[in-house]
Protein chains: 2
Amino acid sequence: MNEPRYQRRKEDRPQEIAEAAFEAFAENGYSGTRVEDVARRAGVSKGLTYLYFKTKEELFKAVIRNVVTRRVDALIRIVEETDLPSEDFVRGPMLDFMKTIPDSRVRIVIRLLLEEGPRHPDLVDYYYENVVCRGLAAIRRFVERGIERGEFRPTAINDLPQLFLAPVMLSVVWKILFAKHPLDTDRLIETHVEMLLDHFRARPE
Amino acid sequence: MNEPRYQRRKEDRPQEIAEAAFEAFAENGYSGTRVEDVARRAGVSKGLTYLYFKTKEELFKAVIRNVVTRRVDALIRIVEETDLPSEDFVRGPMLDFMKTIPDSRVRIVIRLLLEEGPRHPDLVDYYYENVVCRGLAAIRRFVERGIERGEFRPTAINDLPQLFLAPVMLSVVWKILFAKHPLDTDRLIETHVEMLLDHFRARPE
DNA sequence: ATCCTTGCTGACTCTCTGGTCAGTAACTAT
DNA sequence: ATAGTTACTGACCAGAGAGTCAGCAAGGAT
């Protein structure tokens, strides 16, 4: 009646460990998480972690890359494929997308990047090129298309796609720091979007 | 010809050590800074640091409090004392104030709070009450005054003073992470302010 | 049943750093 | 001068946690 003490599951381990690491990092930050915590959470020994990830830093980078890759693609796809009028698109799919970010894994990733980024320039570069740049480029193309179609007037926002994301960023930071003082981030983002649209409609004086 | 190896300067030491600590934390973050680094930078021995600050954590908190207290007072004062029309005030003193933040010590404080905040709830509370709340309250009063005077129309921004600060926050985060990819934060903030004013003027449809 | 490969364990080492404290020397008072 | 006070030093300690590795046992091959 002696059950096996462990199973060999070479294929699944890396993913499981990375998942456990994400959770642990999310709760305690990078430097506040011990590799042994990650291992215990994944139900393995500390040694095994080091079989699949050379160092704690490697593990960290793998976790970030793992999480990040998907979500931007989603944004880019909905931007490229839509045939809605620009205003409707902003009020619809784009707004929905923006509202999901502050409660998604992206928030955790940003928190972790802010904590550890300065010590891992290559990781920040990776994030910049694969997420930030591509996301901003998609927004910029969307605005340009709106202008070509005559749905938007040309404004300074053309060069500043970051303006779309400003309230999202604020919401993320707020939720990291002031979780116990609730902020209606949905309403914040909605209002910001209305402002953007006002601005695209407004006559220069 | 033997010069004294050190001077006794009881009065100045705490401030000097706190200043050195701020610089060291700014460069390497909290956990990346050794107490000995701080001491060397301040030109004292490690032991002395512990004479004036009980623990590294105490030192950290003292540094944050030290930096933070002044700047909000400045904002509140200019808001309360101005007699400019609301639009002029926003385009003038308030805009100037907002533009200074991403390159000020506030940026460093936010970076440090994001790194260590989750492990020091009391420090976050202090920051929230003494900086965030008071700053937001000042903005809210300003908007209400504008509405009373008939210079602004009532909008959702009334309850969301955070919207004023969204691009400032984004600028801060951008400068923490992507220092090597310059962003024209002045222009970002100016454009955002123009959007805000458009919105206060716009007719509901 | 038995061997063999290798996924996996857990106790170990080693470094790093926060924190201590006995002793030293700078200033003061006489 | 000299003695007394205490700001200051620097060598030390202790704990924590990253990373290692010899050996064990799970599961497949024969």
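Protein chains get the first letters and strands the later ones, always in sequence-line order, with residue 1 at the start of each. The structure displayed is predicted, hence computed values, not measured ones.
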Please give, in whole Å, the distance from [N] [atom2] to [X] [atom1]?
X     : N      : atom1 : atom2 : value
B:D12 : D:dA7  : CG    : C1'   : 13 Å
A:E16 : C:dG7  : CD    : C1'   : 13 Å
A:I17 : C:dG7  : CD1   : P     : 13 Å
A:R13 : C:dT9  : CZ    : C1'   : 11 Å
A:R9  : D:dG28 : CZ    : P     : 14 Å

Salt bridge or not between [X] and [Y]? Use side-chain N to carboxylate O under 4.0 Å.
X      : Y      : value
B:R187 : A:D159 : yes
A:R41  : A:E19  : no
B:E190 : B:K99  : yes

B:Y50 side-chain proximity, nearest of C:dT20, C:dT9, D:dT9: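 From the listed options, C:dT20 comes nearest.
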
Residues from residues 28-43 of chain A lying under 4.0 Å of DNA chain D - heavy atoms: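 Contacts with DNA chain D under 4.0 Å: A:T33, A:R34, A:V35.
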
DNA chain D contacts made by residues 51-61 of chain A, counting heavy atoms under 4.0 Å: A:T55, A:K56

Aromatic B:Y50 / basic B:K56 pairing, under 6.0 angstrom, 45° off normal: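 The answer is no; the distance or angle limit is not met.
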
Considering only heavy atoms from C-beta outward, does the side chain of [X] approach that of [Y] to under 4.5 Å?
X      : Y      : result
A:P93  : A:L84  : yes
B:R201 : B:E87  : yes
A:R91  : A:E194 : yes
B:I64  : B:Y126 : no

Stepwise salt bridge (charged side-chain N to carboxylate O under 4.0 Å, His left out) check, B:E129 with B:R134: CA-CA 7 Å; B:E129 277 159 32; B:R134 295 175 60 214; over 6 Å; no

A:H192-B:H192 aromatic ring centre distance below 6.0 Å: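 They qualify: ring centres under 6.0 Å apart.
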
Donor/acceptor link under 3.5 angstrom from B:K46 side chain onto base of D:dG10: no

Stepwise salt bridge (charged side-chain N to carboxylate O under 4.0 Å, His left out) check, A:E144 with A:R141: CA-CA 5 Å; A:E144 274 164 10; A:R141 281 196 302 276; over 6 Å; no

Under 4.0 Å protein heavy-atom contact, by nucleotide of nucleotides 23-30 of chain C - B base, S sugar-phosphate only: -BBBS---

